[in-house]
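Below is one structure; the comments refer to it alone.
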Amino acid sequence: VIETARIADELEIAALLYRYARAVDTKDWELYRSVFTEDAVIDYSSAGAVVGSRDEVVDWFAANFGFIPWSMHYITNIEAEVDGDTAIVRAMFYNPMQLPGMTEMSSCGGYYHHELVRTSDGWRSRDLREDNVWFVNAPTEAQAT
Amino acid sequence: LLNRYARAVDTRDWKLYRSVFTEDAHIDYSAVGVTAVSRDEVADALGQFVIGQAMSMHYVMNVEPRIDGDSAKVTAMWLNAVQMPESSPVSQFGGRRHHELVRTAGGWRSRRLRLEVFW
């Protein structure tokens with residue numbers, strides 16, 4: 001029974017991370033909100049982007065991410081440490097994307113570090129820190145060459 | 001277990017790396033020129049192998065386990081993004097990993113690994 005509960009948690013957590021990716025890639029900011037608690041803290045500073053509350057981040061995305069023709073966030077290597085009603089989660093992302101004004105596709109990759117909490121609506125993230133590790137064909141790179 | 005393997009290599013945590021395998025594991029990295037096959041020798045060789053890499057990220061996917069009681073054969077696909085020295089371009093490689101696993105008191109462990117590199 002304990003094993004079944006653990007597997008159920010892992011599947012729900014993976015589904016939450018895939019929903020996050022789908023929200024960003026389809027630019028569905030209501031769906032994006034549903035991944036987080038109301039008081040969540042979200043930190044995209046490693047990619048030179050926004051740090052703030054859920055609503056601040058959604059406003060930033062709506063203003064700055066809408067110009068991106070497409071992105072695909074592949075999520076792999078999900079490792080969740082569940083402790084009762086909280087969980088620490090580490091996952092990897094692989095993100096090819098078409099940036100505006102670029103002739104070739106760009107891509108980047110890194111880690112997501114989430115702190116999750118179990119709510120009446122299922123698992124939600126109350127803290128996300130993105131650790132962007134690599135970037136291929138970044139806009140600044142292309143301008144330099 | 002396969003994600004722990006990737007995390008061990010990418011964080012250069014050779015103690016964690018050892019914890020993926022049984023003590024007598026046979027590890028075949030001949031595809032990347034590593035001749036050692038015992039767990040501890042391979043862990044040391046890998047430590048040398050990644051010295052020139054500023055970072056690596058081993059993405060693991062398409063995990064296919066075939067479980068038979070207390071042993072299992074697992075094939076998984078991997079994609080590795082590697083940066084050699086700082087700020088040089090990112091290179092990507094891909095292939096498959098073939099594991100033979102055994103169920104131990106400490107959970108599943110790999111007693112045999114063969115690495116295949118395609119690109």
Item to check | Hydrophobic cluster identity match, B:L113 and B:V32, side-chain contacts under 4.5 Å | outcome: yes

Checklist entry - Does B:V34 belong to the same Ile/Leu/Val/Met/Phe/Trp/Tyr cluster as B:V117, with side-chain heavy atoms less than 4.5 Å apart forming each link? => result yes

Item to check | Region of B:L79 that comes under 4.5 Å of a non-hydrogen atom in chain A | outcome: side chain

Checklist entry - In terms of heavy-atom contacts, does CZ of A:F67 have more than 12 from other residues, nucleotides or ligands at under 6.0 Å? => result no

Checklist entry - Under 6.0 Å from the CG atom of A:D83, do we count more than 12 heavy atoms belonging to anything else shown? => result no

Next on the checklist: Quick check on the structure: residues of residues 49-69 of chain B within a heavy-atom distance below 4.5 Å of chain A, by number.
Outcome noted: B:M55, B:S56, B:M57, B:H58, B:Y59, B:V60, B:M61

Checklist entry - Does a sphere of radius 6.0 Å around CZ in B:R96 hold more than 12 heavy atoms from other residues, nucleotides or ligands, not counting ones at 6.0 Å or beyond? => result no

Item to check | OH (A:Y74) with more than 12 external heavy atoms under 6.0 Å | outcome: no

Next on the checklist: Hydrophobic cluster membership, with links at side-chain heavy-atom distances under 4.5 Å among I/L/V/M/F/W/Y: are B:M77 and B:L2 in one?
Outcome noted: no

Item to check | Which atom of B:V90 lies closest to which atom of A:V136, heavy atoms considered | outcome: CB-CG2, 3.7 Å

